[in-house]
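Keep in mind that this is a model prediction, so the values were computed, not measured. Every heavy atom of this structure was used, including side-chain atoms; hydrogens, water molecules and symmetry mates were not. Ligands are counted one by one from 1 in listed order, and the atoms in each one are counted from 1 as well.
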Amino acid sequence: MFRHDLLQGKRILITGGGTGLGKGMAQRFLELGATVYICGRRKEILAETEAELGRATKGAIHSRPCDVRNAQAVDEMIETIWKDGPLDILVNNAAGNFLARTEELSPRAFEAVIGIVLVGTINVTMACARRWLNHGHHATVLNITTTYAKTGSAYVAPSAVSKAGVEALTRSLAVEWGNRGIRMNAIAPGPIPTEGAFSRLLPRPELEKFAKDRNPLGRFGTVEELANLAAFLVSDGSGYVNGDVITMDGGEWLQGAGEFSALGRMLTEAEWAALKPRKTSGSD
Ligand code: HXC
Ligand code: NAP
């Protein structure tokens with residue numbers, strides 16, 4: 001799909017890059033010639049991913065244990081990365097989420113998710129951007145949100161408010177920093193099977209089937225599809241895309257919004273036939 005040197009010479013940090021979509025993006029960026037840094041809280045998971053991807057691809061990968069909720073720890077991580085040279089690309093992908101009835105959530109439950117998703121994104125973006133702006137270094141940020149950032153969603157309220165905040169941050173900074181060479185965009189994916197997301201949000205086969213059946217394409221997205229879109233958006237080829245949120249969900253959220261969309265799964269052939277106009281005598 002891309003020239004093999006699309007990201008040659010680019011230095012990229014992916015938060016939450018040890019697992020799931022972050023790992024998939026790391027693999028694709030390495031294949032396209034980038035130097036990739038991944039961070040997360042679990043040192044062992046990061047080390048495993050570093051070893052696995054380092055063996056499989058020609059690019060260089062480095063792991064940095066770091067909790068993105070902690071602004072000081074983030075600044076220290078960014079400082080160690082900058083010692084090798086400035087980053088060119090940041091992907092804010094780390095997240096926390098779970099299903100719960102909102103009235104049952106404790107303050108700490110809200111804080112846990114908002115801390116990772118919204119505060120974490122702010123911490124890493126600010127630590128990089130201060131350095132980019134100080135030195136006039138051109139760069140791009142890609143935030144991974146989700147389709148319900150724009151609609152909201154029952155049972156994942158902390159995630160919905162956090163992701164909506166990330167999209168507002170994306171649009172705000174795209175305008176504020178655009179003329180100083182920093183591009184900001186986001187991808188809003190629908191469901192893509194990963195252990196982290198599906199174990200928490202679609203934990204039973206019937207929930208997974210329900211989610212798949214309601215998608216217009218009748219399937220989930222793939223890690224490869226997400227990684228390809230991400231590669232395009234962080235590359236110089238998309239240089240005029242700024243402040244946008246690209247939805248990648250097979251049309252799922254649109255079908256959820258359409259008043260009559262669910263009829264396709266409810267009405268039988270006979271019921272559709274009964275809706276057709278009846279022929280009256282004299283008409284053709
Ligand atoms: C209610 C819960 C809860 C649950 C945790 N809490 N899980 N409350 N229901 N299921 C509460 C705890 O009781 C505690 O409050 C507070 O949240 C913090 O919990 P900890 O376990 O101490 O937090 P922590 O170790 O920081 O873990 C954060 C986490 C965890 C978010 C709770 O799930 C995590 O680490 N997730 C990271 C990976 C992840 O979530 N990936 C999925 C991303 S998918 P109290 O008051 O008891 O102390 C995604 C979009 C998917 O984001 C979209 C699909 C379409
Ligand atoms: P995942 O595998 O659980 O990824 C989340 C990553 O974030 C993990 O690697 C985790 O590593 C890291 N992380 C969590 N808290 C952190 C913290 N405080 N500091 C640093 N890293 C932290 O889930 P995923 O499905 O790949 O999700 C990736 C992104 O896609 C998320 O932004 C998610 O909201 C978004 N998304 C996913 C889907 C989907 O269906 N898969 C759909 C829409 C959007 P540690 O636990 O080791 O810290």
Enquirer: Any protein heavy atom under 4.0 Å from atom 52 (O) of ligand 1?
Expert: yes

Enquirer: Just need the protein heavy atom nearest to atom 40 (O) of ligand 1, so name the residue and atom and give the distance.
Expert: N97 N, 2.9 Å

Enquirer: Check E167, K150, K163 against T145 for a side-chain hydrogen bond (donor to acceptor under 3.5 Å, both in side chains) and give me the one that passes.
Expert: E167

Enquirer: Using distance alone, decide if ligand 1 has a nitrogen or oxygen within less than 3.5 Å of any nitrogen or oxygen in K163.
Expert: no

Enquirer: Nearest 0.5 Å, please: how far is CG in L87 from CG in L13?
Expert: 5.5 Å

Enquirer: Students should be able to answer this: which protein heavy-atom is nearest to atom 42 (C) of ligand 1, and at what distance?
Expert: G196 O, 3.6 Å

Enquirer: Quick test of your reading of the model: are R131 and D75 salt-bridged, counting only N-O distances below 4.0 Å?
Expert: yes

Enquirer: Between T147 and D249, does the side-chain hydrogen bond (donor to acceptor under 3.5 Å, both in side chains) criterion hold? Intermediate values first, please.
Expert: CA-CA 8 Å; T147 47; D249 73 341; 4.8 Å; no

Enquirer: Ignoring angles and geometry beyond distance, decide whether R200 reaches within less than 3.5 Å of ligand 1 through its nitrogen or oxygen atoms.
Expert: yes

Enquirer: Quick one: look up the protein heavy atom nearest atom 22 (O) of ligand 1 and list residue, atom name and how far away it is.
Expert: R108 NH2, 3.7 Å

Enquirer: Report all protein residues having a heavy-atom distance below 4.0 Å to some atom of ligand 2; order the list by chain, then number.
Expert: G16, T19, G20, L21, G40, R41, R42, C66, D67, V68, R69, N93, A94, A95, I116, I144, T145, T146, K163, P189, G190, P191, I192, T194, G196, A197, F198

Enquirer: Students should be able to answer this: which protein heavy-atom is nearest to atom 11 (C) of ligand 1, and at what distance?
Expert: A109 CB, 3.7 Å

Enquirer: Within a distance of under 4.0 Å, is there any protein heavy atom near atom 48 (O) of ligand 1?
Expert: yes

Enquirer: Would you check the N or O atoms of Y148, main chain and side chain alike, for any that come under 3.5 Å of an N or O of ligand 1?
Expert: no

Enquirer: Taking 4.0 Å as the limit for heavy-atom contacts, which would you say applies to R41 with ligand 1: side chain only, backbone only, both, or neither?
Expert: side chain

Enquirer: Measure the distance from atom 5 (C) of ligand 1 to every protein heavy atom, then report the residue, atom name and distance (to 0.1 Å) of the closest one.
Expert: F98 CE2, 3.7 Å

Enquirer: Classify the contact between L201 and ligand 1 as side chain, backbone, both or neither, using a heavy-atom distance cut-off of under 4.0 Å.
Expert: side chain

Enquirer: Enumerate the ring-ring contact (aromatic ring centres under 6.0 Å, His included) contacts for residues 103-124, please, sequence neighbours excluded, ordered by first and then second residue.
Expert: none

Enquirer: What part of R69, side chain from CB on, backbone N/CA/C/O, both or neither, has a heavy atom under 4.0 Å from ligand 1?
Expert: side chain

Enquirer: Could you see which bit of L105 sits under 4.0 Å from ligand 1, with heavy atoms only: side chain, backbone, both or neither?
Expert: side chain

Enquirer: Run down the list G16, P191, G221 and name the one with the heavy atom closest to atom 55 (C) of ligand 1.
Expert: P191

Enquirer: Within the protein, is there a heavy atom lying under 4.0 Å from atom 29 (C) of ligand 1?
Expert: no

Enquirer: Quick one: look up the protein heavy atom nearest atom 44 (S) of ligand 1 and list residue, atom name and how far away it is.
Expert: A197 CB, 3.6 Å

Enquirer: For ligand 1, which atoms have a heavy atom of A95 less than 4.0 angstrom away?
Expert: 37 (C), 38 (C), 39 (C), 40 (O), 41 (N), 52 (O)

Enquirer: Polar-atom distance check: T146 versus ligand 1, any N or O pair below 3.5 Å?
Expert: no

Enquirer: Distance under 4.0 Å to a non-hydrogen atom of S106: what atoms of ligand 1 satisfy this?
Expert: 15 (O), 45 (P), 46 (O)

Enquirer: Test H137 against D88 for side-chain hydrogen bond (donor to acceptor under 3.5 Å, both in side chains), laying out the working first.
Expert: CA-CA 8 Å; H137 189 83; D88 304 292; 2.9 Å; yes

Enquirer: Kindly indicate whether atom 20 (P) of ligand 1 is approached by any protein heavy atom to under 4.0 angstrom.
Expert: no

Enquirer: Distance to 0.1 Å, residue and atom name: give those for the protein heavy atom nearest to atom 23 (O) of ligand 1.
Expert: A112 CB, 4.3 Å

